[in-house]
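Right, one structure below, let's go through it.
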Protein chains: 2
Amino acid sequence: MITRATPDDVPVTPDAGGVRARHVVDTSASRFARLSPVPLDAVTVSDTFWSPRLRRNNELTLRAAYEQCLTTGALHNFARAAGTASGPFQGRYYSDSDVYKWVESACWALAIDDDPDLRRRLDEVVALIAAAQAEDGYLNTYFSLDRVGERWTDLINKHEMYCLGHLVQAAVAHARVTGCSTLLDVAVAATELVERRYRPGETYGACGHPELELALVELYRLTGERRWLELAVWQLDSRGRGVLDGSEYLLDHEPVREQRVVTGHAVRALYLYAGMADVVLENGDEDLADNLDALWDDLTGHKTSITGGVGARWDGEAFGDAYELSDRPYNETCAAIATIMLAWRMLLRTGDGRYRDVMEWTLFNAVLPGLSASGTEFFYQNPISDGGRHRRRPWFECACCPPNITRLLASLPGYIASTSTKPRDSIWIHLLIGGAVSVGLGDGTAVTLTSTSGLPWSGSYEVEIMCETDATFELRLPQPGWSAGAAITVNGSPTTAISDAGYLVLERTWTTGDRVRVTYPTPVRLVEAHPRLATAHRRVAIVRGPLVHCVEQTDHTVNVLDLRLRGDEAWQTATLPALSGVSVLTSTAARCPVADQGLYRTFDPVTSCRLEPAELVAVPYFTWANREPGQMNVMLPLA
Amino acid sequence: MITRATPDDVPVTPDAGGVRARHVVDTSASRFARLSPVPLDAVTVSDTFWSPRLRRNNELTLRAAYEQCLTTGALHNFARAAGTASGPFQGRYYSDSDVYKWVESACWALAIDDDPDLRRRLDEVVALIAAAQAEDGYLNTYFSLDRVGERWTDLINKHEMYCLGHLVQAAVAHARVTGCSTLLDVAVAATELVERRYRPGETYGACGHPELELALVELYRLTGERRWLELAVWQLDSRGRGVLDGSEYLLDHEPVREQRVVTGHAVRALYLYAGMADVVLENGDEDLADNLDALWDDLTGHKTSITGGVGARWDGEAFGDAYELSDRPYNETCAAIATIMLAWRMLLRTGDGRYRDVMEWTLFNAVLPGLSASGTEFFYQNPISDGGRHRRRPWFECACCPPNITRLLASLPGYIASTSTKPRDSIWIHLLIGGAVSVGLGDGTAVTLTSTSGLPWSGSYEVEIMCETDATFELRLPQPGWSAGAAITVNGSPTTAISDAGYLVLERTWTTGDRVRVTYPTPVRLVEAHPRLATAHRRVAIVRGPLVHCVEQTDHTVNVLDLRLRGDEAWQTATLPALSGVSVLTSTAARCPVADQGLYRTFDPVTSCRLEPAELVAVPYFTWANREPGQMNVMLPLA
């Protein structure tokens, strides 16, 4: 029997000592992490691009997600398990995770803005979750009442540990943000059941859907209890032992220490790799680290769409073969989020800017498209070409993506900056988002960086340093892969920065009021794919700064499938009334007039298209499908 | 209560009067059919390409299918329903149809070769089916015993009428081939239940999976009972009335009289259209005929892969939007077979060679690839590019494709030729397969055409006429779309034929021994796609005669993804030891050496590939995946 505090009698304010910093992934004490993230609440976002988006997420989207948890019965299931509601279980067997992701999102939102209504609602949901827990600690509402006997009988399909992982992540966020252990106690008790049933060194145990692994490492970071790290390692090493039928789809085809090719269900794979990365951050396991490097190279070198979307196959929501990337990839929104989860952990370990590049690119071009301009509709799949029938929806029967977007955006400030102390004090900016970042240096000196950013529309980024006393540290700013260089001034004087693995390093003794200005060139670039990506042969994407663009039929009088690029377009920026706050690109390009011809014909090199000029409007891909339905294309044929 | 003859007391030889000709689709009395097919048993196949393939089908493949019906429990389910076996129902709820398709295949095979073992096995299976029928005529083994109460409660999902349709088709084939009514009586009694339950003019009724519609028209043709045609029409007109939730996937989104865009689940759609075409053949319905023309144009003009495969989307095994055709289309083997079913009916109505073209193309390039060289393994999906992991399998849990291939190949002789009498006697050859075709002209004169064919390897086709007395008729030979013309001689003298809608028409008074020789040019052609098919931009398929080719890694030392065509290749034919009886194409082409480069990079028109020469081997696409696994590509990039 466990005893549990109720929300009424524990404080929901942070610990007075501030021991629980609001990190998204807390590597502040991780032995093998190079970087320690700046906690969520030490960051404010105030730029014109992200500030309204994050506010909209924490208000509208979070509220919509809560309403859906009500409507779909996901919350009802907890009340039912608690004995305070009747009727059958509703929704999918993993619907608990929708609620847990909402809780996690709400916690991160509260870290930014302690909205009393949201706090009250969170308390209610946490109390409901706690009430649904069985006497022995078991907690999964699908396996309550009539299905108690089925617990742990189907690890392959039934997502029990997956749901538990999301409970643990929610509880960690809840503890870090509220400082109270209400939900943490629930999660620990539930996890202890797994620990006893699949005891490290004794009984293999892993879930068809990875998630618990990375949650356990965060639980270890929060509690300091090594048993959770050991359980995470054991869960990883339980794969490839036949527990999950040896299924490649479930990443059980070989031990994780042998997995070097990205395969299987994309979200499961990336959650698993993120868990591996978390373990490496703690124990420095060289085998796992080496495999992660190979997996990363395979992922980004062979299996990522131009947008950063991954998991191309509709069959099994899976990774395809190398270069199997077409115009209608599956590209689940959750898989893009999982890429960011993995990249963030790889970045924290290494400080290598290529992970940062993938995070930023994926965020703009594979996660943001998953959310409507209204903030209340979502994409599950993210094709890079569409005839107009793929539209966002308010929710899904399999509702993984919407609350995953919510929690990523709610926690986004936590990904903006980090610090490192070896070999010297460094402050790292990862995402070029305007606002303020407050950190303490190794000697305790408080430093605040206040920034303004023109991103993603222009490459101007300016940061002002404020510090109690003059402070010596490296300021590390991104040198993004999308930019050919950067012009830097410090207090108005041109300066050269050391370039180090994707970061511009400025080391000096800083004085309050020092200003660094960086101008990243953001010319329009046409981006082509590797020659082995046959479906993209002689086709290019229109890219500017970190944004992939697309053409939508609604902006064109000619059929957008007939548009052609010559490569010498003179691009201009413009705005469109229906896309407020968005900068679009226009140019005269070409069109191939289509004769009344069949689907196939004998190729004749002499009779090629007689091109005509055509006006082309390219909008950022993340804005697509917010207006009138119609054909959309990212990769445009070269003339 | 119905009484039913058992296999022991009815003759299995054809009716003495021969009233039941062994047609696959019997339009001999159809008012709105231009053509009447030459029955299966009036055709012999003796060429070196098809003869061994059809024999292999009727021996090995048919036996393998029977074994699978045993292994999977599909036959057991009938014994269970008959009360002679115990245990649970096995397999999918539509597994009865596997057995019915085997029965139909076996009947067509017996029409060619009355093998006593096969006949005995057929008799046993027919007896088993009959024994499984309920007293009231109901027959679906899934809804026997424990599921009797669920009959007709889920038209959307449960395939009851679909299975019934296959029973009816099997029974029609059985009656036509054996001349006995054993199975026909079973099918009629079962169908009468549908007739009473969903009475024309009173109660809408249609199945989530079309199939009964076309079977009913064949039942009408066999029995002459108009009620079956009326029921077929009623089933068609029941769509778009909400019976199937208005689902587009199920073709219930609008009445069939409004359906002009090819959409939904590909096999369901094409079976429905084939049913519409069957109805039009009987009643000349102009609305349906007009829609069929529109649907055909949409199918072949926008939604067919280079191979003839259709149903590009993995999501819902469905048709995509116009030009949504990529390298990994779903292209279910059954959908290709259904295309042939539709095209055959359109051809019988019109005599238009473009339907013939699609039949032949689809047969070679979208059906044959579905079967292994061994004759015992099958493809369900048919991508036109693959990394080597897509391999044929002995059977599938959803086993629709294998017995569908079996019945098409078993009945193939029935698609070779037809006759028409208006305005004059004509004998039509549709498939350029060597062998003999015997027909009777309008005045009763017996004519036999004996042919030799070099197809698909060469364009030579020769036919010798044998007739009791001199006979005046049009001989109509194909002018295939894959050939730019044809050189014709009659008895050695060059002759010009009239070209009429894809047929070469030779009208004269023929004398026994007359010989017509046609030589179709079969140069290697590079075939490009419509400019709106963006994923095929600047890519071509290698085609010779009716055969689409592909490159397989096993024939190359360079990565086949690096191969490029310039368009001026000098092609030669060759043979490969591992592909016996197959002619392949070779040429020096080019390769694009791939640097160690990322997946995406800024396009620079100046730094294009520095091509190097490379030897290229192209094998017929239908032969792919019969050797060592590896990359396969159909559409090759142009240099």
Side-chain angles (χ1 to χ4, degrees), chain A residues 300-304 306 312-315 320-328 330 381 385-389 484 525-541 543 559 561-562 564 566-568 592 594 597-605 609 631 633 635-638, chain B residues 300-304 306 312-315 320-328 330 381 385-389 484 525-541 543 559 561-562 564 566-568 592 594 597-605 609 631 633 635-638:
Chain A
T300 57
H302 309 128
K303 298 175 181 172
T304 303
I306 180 73
R313 284 199 179 171
W314 285 75
D315 186 26
D321 294 322
Y323 306 110
E324 182 187 336
L325 297 162
S326 192
D327 285 5
R328 307 265 183 154
Y330 193 79
Q381 299 91 11
S385 174
D386 185 66
R389 292 197 284 169
R525 293 185 301 136
L526 302 184
V527 173
E528 65 175 358
H530 190 284
R532 288 187 179 160
L533 207 172
T535 56
H537 178 61
R538 295 284 300 166
R539 301 170 68 202
V540 289
V543 172
N559 187 320
L561 288 174
D562 299 340
R564 296 289 182 274
R566 296 178 191 271
D568 59 355
C592 167
V594 173
Q597 67 197 65
L599 193 48
Y600 301 102
R601 65 177 180 186
T602 300
F603 168 71
D604 179 350
C609 256
Q631 182 72 42
N633 265 30
M635 296 298 289
L636 298 186
L638 288 163
Chain B
T300 57
H302 309 127
K303 298 174 181 173
T304 302
I306 181 72
R313 283 198 180 172
W314 284 75
D315 187 24
D321 295 322
Y323 306 110
E324 182 187 337
L325 298 163
S326 192
D327 285 6
R328 306 266 183 154
Y330 193 79
Q381 298 92 10
S385 173
D386 184 66
R389 290 198 285 168
R525 294 185 301 136
L526 301 184
V527 173
E528 66 175 358
H530 191 285
R532 286 186 180 161
L533 207 172
T535 55
H537 177 61
R538 296 283 300 164
R539 299 170 69 201
V540 290
V543 171
N559 188 319
L561 288 173
D562 299 342
R564 297 290 183 272
R566 296 178 192 270
D568 60 357
C592 168
V594 174
Q597 66 196 65
L599 194 47
Y600 302 102
R601 65 177 180 187
T602 300
F603 168 71
D604 179 349
C609 258
Q631 181 72 41
N633 264 30
M635 297 297 289
L636 297 187
L638 288 164

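By convention in this document, chain letters (A, B, ...) are assigned in the order of the sequence lines, proteins followed by strands, and residues within each chain are numbered from 1. Note that this is a predicted model, so its numbers are computed, not measured.
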Query - Sub-4.5 Å side-chain heavy-atom contact between A/F603 and B/R538 - result: yes

Query raised in the report: Do the side chains of B/Q381 and B/W314 get nearer than 4.5 Å, heavy atoms only?
Result: yes

Which one wins on heavy-atom pair count under 4.5 Å against chain A: [options]?
options: B/R566, B/K303, B/R525; result: B/R525
options: B/Q631, B/Q597, B/M635; result: B/Q597
options: B/G320, B/C592, B/A534; result: B/A534
options: B/G598, B/P531, B/A312; result: B/P531

Most heavy-atom pairs under 4.5 angstrom with chain B, which of [options]?
options: A/D327, A/T304, A/D386, A/L533; value: A/T304
options: A/V540, A/D315, A/T300; value: A/D315
options: A/R564, A/H302, A/E324; value: A/E324

Report summary line: Taken to the nearest 0.5 Å, the spacing of A/Y600 OH from B/H530 NE2 works out to 11.0 Å

Query raised in the report: Any ion pair linking B/R328 and A/D321 (charged N to carboxylate O, less than 4.0 Å)?
Result: yes

**Report entry** Carboxylate-amine/guanidinium contact A/R601 B/E528, below 4.0 Å
**Finding:** yes

Heavy-atom distance under 4.5 Å to chain B: side chain of [X], backbone, both or neither?
X: A/N559; value: side chain
X: A/L325; value: side chain
X: A/L526; value: both
X: A/R532; value: both
X: A/Y330; value: neither

Report summary line: The residue among A/S326, A/S385, A/P637 that forms side-chain contact (heavy atoms from CB on, under 4.5 Å) with B/T535 is A/S326

